[in-house]
Amino acid sequence: LQTAWATLEDAGYTRERLGTGKGNDIGVFAGVMWSDYQLFGLEEQLKGNPVVAGSWFSSVANRVSYFLNLQGPSVPVDTACSSSLYAIHLACESIKRGECSAAIAGGVNASLHPSKYLKLSELQMLSTDGRCRTFGKGGDGYVPGEGVGAVLLKSLKRALADGDTIHAVIKST
């Protein structure tokens, strides 16, 4: 939610400029993975504390849409490491099809529970020396990272008409 808001602020959007109700067809496409957060709730329940910790991917996109009153598509995406990239692809396609006039797209990856590392270790996916060499000589695994990021996407024609600052143009996905 904070990153989505910062993305809109960076693009020069205020609550007034976003508008409310029917005319606001901005979509939200959120790449997410690792739904281990609920394991904390399970651990607490096993200790006798009735705690529920949710980890629903839909809530990432839907909370942003709800809080900002965005009326476009609200889509969580889990394609593992490509989730953020695919969220951007889906947002571009949605804009192209006219399902929304603009979209907040990006992703989040957080390492919230140690079970993530246990799973990765069991599957022998982790780098044995703690260094990542994507497709490089000596690469034998990866090093998980955490991060969150988002961009505001529009068609070039609309961004120019709206007087937006344009940081990049996506020519193909």
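Hydrogens, waters and symmetry mates play no part in the numbers below; they use all other heavy atoms, side chains included.
- Every residue meeting the side chain to side chain donor-acceptor pair (under 3.5 Å) condition with Glu99, not counting sequence neighbours, appears here in chain and number order: Ser94, Arg97.
- Atom OG in Ser83 sits 8.5 Å away from atom CG in Asn109 (nearest 0.5 Å).
- Counted within 6.0 Å of CD on Glu9, heavy atoms from surrounding residues, nucleotides or ligands total more than 12; the atom is thus considered enclosed.
- In this structure, OG in Ser115 is found 9.5 Å from CG in Leu120, a value given to the nearest 0.5 Å.
- At most 12 non-hydrogen atoms from other residues, nucleotides or ligands lie less than 6.0 angstrom from OH of Tyr66.
- If you chain together hydrophobic residues whose side chains sit under 4.5 Å apart, Val77 and Leu85 never meet in one group.
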Original post:
Given Glu122 and Lys119, is the salt bridge (charged side-chain N to carboxylate O under 4.0 Å, His left out) satisfied, shown in steps?
Top reply: CA-CA 5 Å; Glu122 183 179 289; Lys119 287 178 197 173; over 6 Å; no
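- Separation of atoms OG (Ser65) and CD1 (Ile26) is listed at 10.0 Å; rounding is to 0.5 Å.
- The nearest pair of heavy atoms linking Ala105 to Ala91 is CB-CB, 3.8 Å.
- At least one side-chain heavy atom of Leu70 sits less than 4.5 Å from a side-chain heavy atom of Ile104.
- Residues Ala87 and Gly106 come closest through the heavy atom pair CB-O, 3.7 Å.
- Side-chain contact check for Leu1 versus Arg63: every heavy-atom pair is 4.5 Å or farther apart.
- Atom CD of Glu93 is separated from atom CD1 of Ile95 by 10.0 Å, given to the nearest 0.5 angstrom.
- Taking hydrophobic clusters as Ile, Leu, Val, Met, Phe, Trp and Tyr residues chained together by side-chain heavy-atom distances below 4.5 Å, Val28 shares a cluster with Phe67.
- When the side chains of ILVMFWY residues are joined at heavy-atom separations under 4.5 Å, either directly or via intervening members, Leu39 and Tyr117 end up in two distinct hydrophobic clusters.
- Distance alone, capped at 3.5 Å, is enough to place a donor-acceptor pair between the Gln45 side chain and the Val51 backbone.
- Pairing each heavy atom of Gly27 with each of Cys100, the nearest pair is N-CB, 3.9 Å.
- In this structure, the side chains of Asp36 and Leu112 stay at 4.5 Å or more apart for every pair of heavy atoms.
- Take Arg131 and apply the side chain to side chain contact (heavy atoms under 4.5 Å, CB included) test, not counting sequence neighbours, and it matches Asp129, Arg133.
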Please set out all donor-acceptor pairs under 3.5 angstrom arising from side-chain atoms of residues 166-173, sequence neighbours excluded.
{"unit_1": "Thr173", "atom_1": "OG1", "unit_2": "His89", "atom_2": "ND1", "d": "2.5"}

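- For the pair Arg17 and Tyr13, the cation sits on the ring face: its NZ or CZ lies under 6.0 Å from the ring centre, inside 45° of the axis.
- For Asn62, the side chain to side chain donor-acceptor pair (under 3.5 Å) partners are Ser74, not counting sequence neighbours.
- Counting all heavy atoms, side chain and backbone alike, Asn49 lies closest to Glu44 at ND2-OE1, 2.7 Å.
- A donor-acceptor pair under 3.5 Å links the side-chain atoms of Ser155 to the main chain of Arg158, judged by distance alone.
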Sequence neighbours excluded and cut-off under 3.5 Å, please list the side-chain donor-acceptor pairs for residues 137-151, or say none.
{"unit_1": "Asp140", "atom_1": "OD1", "unit_2": "Thr128", "atom_2": "N", "d": "3.2"}
{"unit_1": "Asp140", "atom_1": "OD2", "unit_2": "Thr128", "atom_2": "OG1", "d": "2.5"}
{"unit_1": "Glu146", "atom_1": "OE2", "unit_2": "Ser111", "atom_2": "N", "d": "2.6"}

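- For Phe40, the CZ atom is densely surrounded, since the number of other residues' heavy atoms within 6.0 Å is greater than 12.
- Summarising the geometry, atom NE2 belonging to His113 is positioned 8.5 Å from atom CG belonging to Leu118; distances are rounded to the nearest 0.5 Å.
- Following chains of ILVMFWY side-chain contacts shorter than 4.5 Å, one cannot reach Val64 starting from Val108, and the two form parts of different hydrophobic clusters.
- With sequence neighbours left out, the salt bridge (Lys or Arg N to Asp or Glu O under 4.0 Å) criterion links Lys154 to Asp162, Asp164.
- Between the Asp78 side chain and the Phe57 main chain, no donor and acceptor come within less than 3.5 Å of each other.
- Atom CG of Asp10 sits about 12.0 Å away from atom OG1 of Thr3, to the nearest 0.5 Å.
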